[in-house]
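Sequence lines set the chain letters: A, B, ... in the order given, protein chains first and strands last, and positions in each chain run from 1. Side-chain atoms are counted along with the backbone in the values below, which use heavy atoms only and exclude waters and symmetry mates.
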Protein chains: 2
Amino acid sequence: MSICGSSEPEHKSVRRKAGRPFDASKRAAIVDAAAHHFFHYGYAATAIEQVAADAGVSKVTIYNQFGDKRALFVAAVERECEKLRGHFSIEHAAPGSIRDRLTAIGQAIVAFLFRPEMLQFERRIAAETEAEPAIGAAFLEAGPWRMKHGFAAYLSHAVSAGELAIPDPMLAAEQFVSLCKGMGDLERRFGAIVTPEQRDRRILGAVEMFLAAYGTTPSLAPTDR
Amino acid sequence: MSICGSSEPEHKSVRRKAGRPFDASKRAAIVDAAAHHFFHYGYAATAIEQVAADAGVSKVTIYNQFGDKRALFVAAVERECEKLRGHFSIEHAAPGSIRDRLTAIGQAIVAFLFRPEMLQFERRIAAETEAEPAIGAAFLEAGPWRMKHGFAAYLSHAVSAGELAIPDPMLAAEQFVSLCKGMGDLERRFGAIVTPEQRDRRILGAVEMFLAAYGTTPSLAPTDR
DNA sequence: GACAAGTTGAACGGCTCCGTTCAATAAAAC
DNA sequence: GTTTTATTGAACGGAGCCGTTCAACTTGTC
């Protein structure tokens with residue numbers, strides 16, 4: 001099972017086999033439709049025939065190209081993970097105090113993670129991880145772990161600049177994100193609504209606590225409000 | 001849909017209707033078997049016939065008593081939530097420094113939350129919350145929110161004792177738990193193994209950070225190690 | 001004992017859906 | 001033009017499972 005490996009492992013200009021080649025545009029349409037159905041209605045609730053119809057393609061074509069329902073699902077996950085990979089760049093040079101920048105980063109992270117599509121995607125991945133652990137691993141690599149590394153690098157940068165004092169940036173990255181999400185993560189997964197006020201309260205608290213632990217200048221608002 | 005309301009809403013000694021009454025022991029056996037199957041194999045993958053066989057009961061009996069597959073699932077969730085309710089008591093008088101006590105609490109919380117059965121249960125609840133939001137709400141009430149209140153009360157107690165300085169105990173409770181779980185929560189859900197060392201590292205870091213923000217005595221080990 | 005209601009086993013209808021087969025057709029390589 | 005391969009539409013086999021029905025039996029109340 002090669003989930004989320006390098007995109008084009010072997011495209012050596014090997015002599016194309018004779019006959020009519022696969023229609024790449026059809027393949028893309030299939031994966032698109034499949035991703036939509038899988039992540040919107042769930043794996044079991046997705047009928048191959050429906051995917052075929054949405055992709056404007058025959059069902060047999062899908063089985064020709066992917067062979068299996070699971071394989072199609074894996075392909076959809078791969079595509080989504082690929083999209084994820086582009087979303088983790090933090091500007092190393094940003095304006096404002098470290099407090100302001102942390103706040104902005106926290107808001108961006110929460111906004112990104114709490115999108116409804118992300119919720120759906122996580123749900124499906126978590127459900128299928130049980131049957132196919134490689135799927136969960138691929139998601140962790142492409143998403144959370146990647147983000148953690150990026151953010152840890154940012155923190156290290158701030159440490160170099162003397163703005164923070166962090167013994168373990170990887171741990172600190174986890175801590176900050178965990179604080180920002182707080183219980184909102186659970187509530188979201190279990191259908192409770194999380195108000196923007198709650199989000200902001202958690203982010204504010206996260207920044208406050210983070211600076212209390214890792215700040216270099218004596219924190220100015222230890223007992224705010 | 002009455003999920004997790006008061007256990008026995010109307011048991012007024014209303015004149016028992018004539019004829020053979022429901023067999024309570026059978027009902028219990030059914031719910032037991034159903035819970036096992038639902039939380040072990042998932043809702044869709046659970047066949048009523050199998051539940052009936054495991055409970056030593058006829059399929060028709062299940063339909064007589066519960067009427068529906070969903071209703072049976074709800075009954076199983078109710079029973080599990082009921083069990084959850086007993087698990088959130090924190091000893092207000094415990095020995096040791098506040099640091100030691102927080103560490104012990106963190107370890108207990110993580111140990112409780114990371115049990116495999118809890119993972120399974122959460123997975124199923126999250127999956128079914130989509131179709132039935134009341135299920136997710138019931139779980140939040142019986143589990144996370146209950147725990148949060150209990151822990152916040154404990155923290156308030158420590159504040160009264162002058163051991164901590166916390167402006168918002170509810171937020172602080174969230175923060176501590178979030179820090180203890182850290183990314184381990186995600187990793188667990190997506191099939192990655194979380195080593196005891198990682199857990200302990202996170203708990204240690206959580207206590208450290210928590211005391212840095214809310215401690216009353218100057219933290220003794222800011223840059224531990 | 002008469003009555004009412006739960007329990008059982010078996011069978012059935014109905015539904016959804018996966019994956020395959022087949023013959024006909026289209027598109028590329030040689 | 002020939003060969004090779006992909007695509008299509010339709011149909012089929014097979015499986016799983018929900019929920020119902022029925023007749024017989026059991027267990028309770030009156």
K.L.:
With nearest nucleotide decided by heavy atoms, which residue, B:A47 or A:G56, maps closer to the 5′ end of DNA chain D?
P.N.:
A:G56
K.L.:
Anything under 30° is parallel, anything over 60° is perpendicular, the rest tilted; go ahead and classify B:F190 against A:F139.
P.N.:
tilted
K.L.:
Mind calculating the distance between CD1 (A:I48) and P (C:dT20) to the nearest angstrom?
P.N.:
11 Å
K.L.:
Answer yes or no for A:R70 and A:Y43: cation-pi contact, defined as NZ/CZ to six-membered ring centre under 6.0 Å and angle to ring axis within 45°.
P.N.:
yes
K.L.:
Rounded to whole Å, how long is the line connecting atom CZ of A:R20 with atom P of C:dA27?
P.N.:
6 Å
K.L.:
Rounded to whole Å, how long is the line connecting atom CZ of A:F66 with atom C1' of C:dC18?
P.N.:
17 Å
K.L.:
Without decimals, in angstroms, what is the distance between A:R27 CZ and D:dT7 C1'?
P.N.:
15 Å
K.L.:
Between B:T61 and C:dT8, is there a side-chain N or O to OP1/OP2 distance below 4.0 Å?
P.N.:
yes
K.L.:
Given atom OH of B:Y63 and atom P of C:dG6, what is their separation to the nearest angstrom?
P.N.:
18 Å
K.L.:
Salt-bridged, A:E117 to A:K83, with N to O below 4.0 Å?
P.N.:
no
K.L.:
Check this for me: does the side-chain of A:K59 come within 3.5 Å of the base of C:dG19 through a donor and an acceptor?
P.N.:
yes
K.L.:
Write down the distance between OH (B:Y41) and C1' (D:dC17), rounded to a whole number of angstrom.
P.N.:
17 Å
K.L.:
Please state whether the rings of B:F151 and B:F176 are parallel, tilted or perpendicular, taking 30° and 60° as the class boundaries.
P.N.:
tilted
K.L.:
Measure from NZ or CZ of B:R188 to the centre of the six-membered ring of B:F114, then state whether that distance is under 6.0 Å and the direction lies within 45° of the axis.
P.N.:
yes
K.L.:
Just to be sure I understand the rule, does A:F22 reach a base, reach only the sugar-phosphate, or reach nothing, if contact means heavy atoms closer than 4.0 Å?
P.N.:
sugar-phosphate
K.L.:
Report the nucleotide, chosen from C:dG9, C:dA28, C:dC17, that has the shortest atom-to-atom distance to any side-chain atom of B:V60.
P.N.:
C:dG9
K.L.:
For DNA chain C, whose closest nucleotide is more 5', that of B:K26 or that of A:D68?
P.N.:
B:K26
K.L.:
Specify the separation, in whole Å, of atom CG of A:D23 and atom P of D:dT7.
P.N.:
6 Å
K.L.:
Between the base of C:dG19 and the side chain of A:K69, is there a donor and acceptor pair under 3.5 angstrom?
P.N.:
no
K.L.:
Within this structure, what is the CD-to-C1' distance between A:Q65 and C:dG19, rounded to whole angstrom?
P.N.:
17 Å
